[in-house]
Amino acid sequence: MKKLVLPVLLILLGTVLVGCPSPKPENWSCPELSTPTVTAKISSNPDKPEKIIIQIDGTPSMKGFVSDRNSRYIRTLRLLRSATNTAFPTTPSPTFYVFGTQRLKEPINHQSAETAWFYSGGRPELRDAATHKIIAPQKTDPPNSLYVIVTDLYQEKAQWEDLVAQLKDHYLLKDDAVGIIAVKSEFLGDIYDVGLDNIRYPSVKTNHPFYILVLGRYSQVKQYFDKIKSESQNTGLNFPSENFVIFSTQIFEKPALLQINDNEQPTPSSSSPTSDNPQKSGIRRVEVINDGRIVIKKVENPQNVERLIIPSQTSNDSPKETSLKYRLNYNPLPYTLPLGNSASYQLNGNSDFNNNTKEFKKLDPQSSLIPLQLTNWQSTNNQLEFNALINLDNNPQGIGVYRLIFDVFPEKISGSSRPYQAPSWWKDWSFGENEIFAGDRTYNLQPFLYNLGDTTFRIIENKPNVALGRLCFIIHKK
């Protein structure tokens, strides 16, 4: 009988081992969100433009800016030349042109734009402004040129749409940038083309706005803006930072990721039913995920991956959901429009789920089993705050390990809701058709800028690889 003991024990041990297989080891790396080529170029040292072309509106509407020989307008023209030479010291000095309904072929002496006769409208092409007709680079200009346009932006309504269309076709759709600097200057003269009837207001004395458009590669526009801003401070012009805006289809330097501290437990949101203690629902942040079928011990870049255990709630008195608070730091490109108080997200197609098996299967983005939703987006100081609303139900089909990848995007334009925040001067410096004329404002400025901003973000909506962040979760629902 004793001879049978050892074989029996071995058989029993084998049965136990077969009945309790060890979990399958898995490693995981949250797929890197590739940086778009244009953004990569932006982050590197900017290349120098082959040529810098400064085009000055020479129509009579600009004449009032030079009535004062020390006006901010004249001082700004001088600043543009000096800033160009210091921002791009190896590029030849800028070439100046005058434009009205077209750009005249002959370059001008930059100092002539400081005199009243320059704006006399002596030539038919200089009696009215058509900025939209000079946006397209000319065939005689080198392909890598930086364009600077100085104008008061007084045009008929139809031309606003044409101007935006030209900026879109020749710059934004080509991943180039449109920069605008808003400046006010002493002014004494006539203001033309006001309203749909193109009314003329004579002898207006005011601080009148004019605008500097800078068109070209983002890196070059940004470098030029930096130099203009610093030199404006050195010369006493002191252009406010908020008056510099770059419209670009790339609005961030690199995609944002979660920042997870394994030594701390997740923070409940104020709206969570268990907000006073995240452990009430049994949710825990862990380093190792093990559901008995698979075990995930090694995660690349663990500081960017949230790993949670979420127990299902079986009691009728227990909450069926809870909410955790997260913060995403993103890196906007300088001078681009800040994001509005909203964002959108989608489940990446590489997300998967094992449902109590040793094999992961792709997860349908529309599946009702997905244990969390991202809600309550708020943008403040280059941070996106949001809540992860977690489903605590005990549906057996939802038990298992989820590897979730969420890509975050700016909110899409919907009606009057916009995914960006507009500077206050867009409204403060603008007046419309049914408003009283104001010499210190620009007719229909706000509609033009909103049109340009909306156009920029609609291009962003339709571009691949423009997610501003990627959120990675490993969740063991048990």
Side-chain angles (χ1 to χ4, degrees), residues 20-32 256-269 272-315 318-329 345 347-348 350-361 363 367 369-375 385-406 408 469-478:
C20 300
S22 59
K24 178 184 176 181
E26 289 270 357
N27 297 329
W28 194 60
S29 172
C30 182
E32 183 177 348
L257 302 170
L258 287 173
Q259 300 297 320
I260 302 299
N261 186 345
D262 286 336
N263 296 321
E264 298 177 356
Q265 286 302 309
T267 304
S269 71
S272 171
T274 57
S275 59
D276 57 332
N277 186 349
Q279 279 72 51
K280 278 189 176 180
S281 61
I283 295 176
R284 290 184 293 117
R285 178 176 290 159
V286 295
E287 294 186 29
V288 177
I289 295 289
N290 186 348
D291 70 343
R293 275 74 175 179
I294 62 97
V295 58
I296 303 176
K297 291 183 177 180
K298 182 179 180 181
V299 175
E300 290 189 28
N301 300 320
Q303 72 277 8
N304 304 132
V305 180
E306 177 68 293
R307 288 157 288 172
L308 298 174
I309 293 178
I310 302 178
S312 301
Q313 302 299 310
T314 56
S315 169
S318 300
K320 294 300 182 285
E321 62 182 27
T322 190
S323 181
L324 302 179
K325 182 177 182 179
Y326 292 92
R327 180 180 292 112
L328 190 65
N329 297 319
Y345 71 95
L347 187 71
N348 186 281
N350 290 318
S351 300
D352 50 23
F353 171 49
N354 77 337
N355 194 209
N356 271 339
T357 69
K358 287 194 173 186
E359 302 300 326
F360 282 92
K361 295 182 178 180
L363 192 60
S367 173
L369 299 178
I370 298 173
L372 63 82
Q373 299 177 37
L374 309 182
T375 63
E385 294 185 352
F386 64 95
N387 294 340
L389 185 63
I390 297 175
N391 182 0
L392 301 175
D393 68 16
N394 61 349
N395 181 352
Q397 294 182 342
I399 301 302
V401 175
Y402 297 78
R403 297 186 297 197
L404 303 176
I405 307 163
F406 296 100
V408 183
R470 171 162 284 180
L471 313 178
C472 297
F473 293 81
I474 304 177
I475 293 178
H476 175 197
K477 184 83 176 291
K478 65 177 186 175

Spatial distance of atom CD1 (Ile390) from atom CG (Leu324) [nearest 0.5 Å]: 4.0 Å
Side-chain heavy atoms of Trp28 within contact of Cys472, under 4.5 Å: yes
Asn355 side chain to Gln397 backbone, donor-acceptor under 3.5 Å: yes
Charged N-O contact under 4.0 Å between Glu32 and Arg470: no
pair Ile283-Pro268: side-chain heavy atoms closer than 4.5 Å: no
Phe353 vs Ile370 side-chain heavy atoms within contact, under 4.5 Å: no
Non-hydrogen atoms of Phe360 and Ile294 that approach each other most closely: CZ-CD1, 4.0 Å
Smallest separation among heavy atoms of Leu258 and Asn304, with atom names: O-ND2, 2.8 Å
Residues Asn391 and Asp393: side-chain donor-acceptor under 3.5 angstrom: yes
Arg285 bridged to Glu264 by N-O distance under 4.0 Å: no
Test item: Arg307 side-chain N/O and Ile474 main-chain N/O as donor-acceptor pair under 3.5 Å: no
Donor-acceptor contact present, side-chain Ser323 to main-chain Leu389, <3.5 Å: no
Non-hydrogen atoms of Tyr402 and Lys477 that approach each other most closely: CE1-CB, 3.9 Å
Partner of Arg403 by side-chain contact (heavy atoms from CB on, under 4.5 Å), out of Leu363, Asp352, Val305: Asp352
Tyr326 and Phe386 aromatic ring geometry - parallel, tilted or perpendicular at 30°/60° bounds: parallel
Full working for side-chain contact (heavy atoms from CB on, under 4.5 Å) between Lys325 and Asn387: CA-CA 5 Å; Lys325 182 177 182 179; Asn387 294 340; 4.1 Å; yes
Closest heavy-atom pair and its distance - Pro266, Leu308: CG-CD2, 4.0 Å
Nearest atoms (heavy-atom pairs only) where Arg293 meets Asp291: N-OD1, 2.9 Å
Side chain to side chain, Phe406 and Leu372, heavy atoms closer than 4.5 Å: yes
Lys298 NZ: over 12 foreign heavy atoms closer than 6.0 Å: no
Rounded distance [0.5 Å steps], OH in Tyr345 versus CG in Leu374: 4.5 Å
N/O donor-acceptor pair under 3.5 Å between Ser312 side chain and Lys478 backbone: yes
Short side-chain to backbone donor-acceptor contact, Asn290 and Gly292, under 3.5 Å: yes
Heavy-atom neighbours of Lys361 NZ exceed 12 at 6.0 Å: no
Asn348 and Pro31, any side-chain heavy atoms less than 4.5 Å apart: no
Distance-minimising heavy-atom pair for Val286 and Ile289: CG2-CD1, 3.7 Å
